[in-house]
Participant: 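Handing you a structure now.
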Amino acid sequence: MHEIDPPKKFRWKTKKRFKLQRMREKQERKAANRKDPRRLGIKRKKRQKFATAEERIKYKLEKARIKEALLIERLKRYEVPKVQGPEVKPDDLTGEERFYMKKMAQKKSNYAPIGKRGIFGGVILNMHMHWKKHETVKVICKPCKPGQVHEYAQEIARLSGGIPIQIVGDDTIVFYRGKNYVQPKVMSPVNTLSKKKALEKFKYEQSLESVRHFIAIAEKELELYYRHIALYGDPNDRNPLSILDSPTEKTKESGNLKILRKQKLESTSDFFSAGLSGTEADSSNSELSETDGSEHDNLSLSESDSEDDKIYSSDDEASTSKTQLSDFKHERLERRRENLI
């Protein structure tokens, strides 16, 4: 059956129409993203290189302050004039009635939540829907800052006409509809934000809070940088003697002492080298003198055998070298010494 005549709900799913639908959805997403607070601010440029940390912090501070001003301007669009809601009659509840209402509210499980959007038309509408069958309703505000519950209680009482009976903890308010309650024709007040606009307002408020937090941190960082410069000097004008900080008086004195010690060590090393060379020369001279004396004594002992030496030297001059002669003389002297002993 589908092959012959497809139903009307599948007719648009041709290739061209499906493509058009996807394009339409993409445009809607882009339009929604235009209102994203993250898109506010100066257009991002290429990554800049800063000479000092001070320039970098100041540049970020300037950008953050511009974004803060833009967010404040954008939040002005969501301001709603405070118009008085239904007339609230004075509270004529006795102590017993108030106690009874509190107990009934604790037992019952009906509640109206307040989320991140805050108070808008849907919250008031929800309360009136609960008041159809119940006299009390609990309003639970979950992302609630300390002290914000009382502000919410006043605002809801102005818009809905209910009477706040009790505030439980930091996030729950009990409202009583009143004795002569009549449900209004328009349950959602006109002078309130819609669900969509309330969410947009919340995003801008959250972004503004984070920007202000960043500005406070950046200012503190800049102050610490100035303190560091006052104590240790500019890091760009650092002395190469010190690695981390500019040299103080102590470091200068220690540096001078190190240089003097090096000079002293060099001078002492030169003195010792000169002394060693002198002693080596003296020792060599003494050794030479000792050898000369021994030779003289040996010659005096061998005067009697000088004739024999001359004969042997004349016979062996052509056949033996100087080394052999010295060996021969040495052996001859040893023999003579043995004879004398």
Side-chain angles (χ1 to χ4, degrees), residues 37 71-72 74-93 97-213:
L71 284 166
I72 289 163
R74 193 62 63 89
L75 275 167
K76 286 178 183 176
R77 298 179 187 179
Y78 299 95
E79 286 180 1
V80 179
K82 288 187 177 181
V83 182
Q84 183 62 38
E87 291 182 5
V88 182
K89 292 179 182 180
D91 184 13
D92 297 332
L93 291 171
E97 288 174 343
R98 189 178 285 273
F99 179 78
Y100 170 75
M101 292 296 171
K102 286 178 187 178
K103 287 290 179 185
M104 289 298 292
Q106 286 174 10
K107 285 180 182 179
K108 289 178 181 178
S109 60
N110 59 317
Y111 71 95
I114 294 177
K116 58 187 179 182
R117 291 177 177 84
I119 298 165
F120 65 101
V123 176
I124 310 301
L125 174 65
N126 201 357
M127 287 176 72
H128 283 296
M129 295 297 287
H130 279 290
W131 280 336
K132 273 185 181 181
K133 294 182 179 180
H134 305 282
E135 289 183 328
T136 57
V137 64
K138 284 185 283 187
V139 177
I140 298 169
C141 22
K142 269 296 173 190
C144 196
K145 296 173 187 175
Q148 200 175 11
V149 188
H150 299 282
E151 294 175 12
Y152 280 161
Q154 290 175 6
E155 188 71 15
I156 292 166
R158 181 181 66 80
L159 292 168
S160 65
I163 301 160
I165 293 171
Q166 188 185 13
I167 294 171
V168 182
D170 294 332
D171 59 353
T172 309
I173 313 160
V174 179
F175 278 95
Y176 173 55
R177 67 183 183 181
K179 287 182 178 179
N180 302 316
Y181 171 72
V182 179
Q183 194 176 32
K185 290 180 181 178
V186 180
M187 287 186 280
S188 178
V190 180
N191 57 333
T192 53
L193 294 170
S194 63
K195 192 175 181 179
K196 187 180 177 181
K197 287 187 176 181
L199 182 62
E200 288 172 9
K201 185 184 177 182
F202 165 73
K203 283 181 180 177
Y204 287 123
E205 283 175 348
Q206 196 178 31
S207 183
L208 182 64
E209 189 179 348
S210 63
V211 165
R212 281 174 176 166
H213 181 64

Participant: What I'd like to find out is whether the side chain of Val211 reaches to under 4.5 Å of the side chain of Leu71, using heavy atoms alone.
Facilitator: yes
Participant: Quick one: NZ on Lys201 to CZ on Arg77, what's the gap to the nearest 0.5 Å?
Facilitator: 14.5 Å
Participant: Taking only Lys NZ, Arg NE, NH1 and NH2, and the carboxylate oxygens of Asp or Glu, determine whether Arg158 and Glu155 approach each other closer than 4.0 Å.
Facilitator: yes
Participant: Specify the closest pair of heavy atoms between Phe120 and Ala198, including all atoms of both residues, with the distance to one decimal.
Facilitator: CB-CB, 4.1 Å
Participant: Do Ser160 and Trp131 make a side-chain contact, defined as non-hydrogen atoms from C-beta onward lying under 4.5 Å apart?
Facilitator: yes
Participant: How far apart are the closest heavy atoms of Ile173 and Pro164, and which atoms are they?
Facilitator: CG2-CB, 4.4 Å
Participant: Measuring from atom OG of Ser188 to atom CE of Met129, what distance do you get when rounded to the nearest 0.5 angstrom?
Facilitator: 12.0 Å
Participant: Just verifying a value: how many Å separate Lys132 NZ and Gln183 CD, rounded to the nearest 0.5 Å?
Facilitator: 5.0 Å
Participant: Nearest 0.5 Å, what's the CD1-CG distance between Ile72 and Leu208?
Facilitator: 5.5 Å
Participant: Identify, with sequence neighbours excluded, every residue that meets salt bridge (charged side-chain N to carboxylate O under 4.0 Å, His left out) alongside Lys179.
Facilitator: Glu97
Participant: Show every side chain to side chain donor-acceptor pair (under 3.5 Å) that has at least one partner inside residues 133-153, sequence neighbours left out.
Facilitator: Gln148-Tyr152
Participant: Roughly how far, to the nearest 0.5 Å, is OH of Tyr111 from CG of Asn126?
Facilitator: 9.5 Å
Participant: Nearest 0.5 Å, please: how far is CZ in Arg117 from CG in Leu193?
Facilitator: 11.5 Å
Participant: Considering non-hydrogen atoms only, spot the tightest contact between Val149 and Cys144 and give its length.
Facilitator: CG2-SG, 3.6 Å
Participant: Please state whether the rings of Tyr78 and Tyr204 are parallel, tilted or perpendicular, taking 30° and 60° as the class boundaries.
Facilitator: tilted
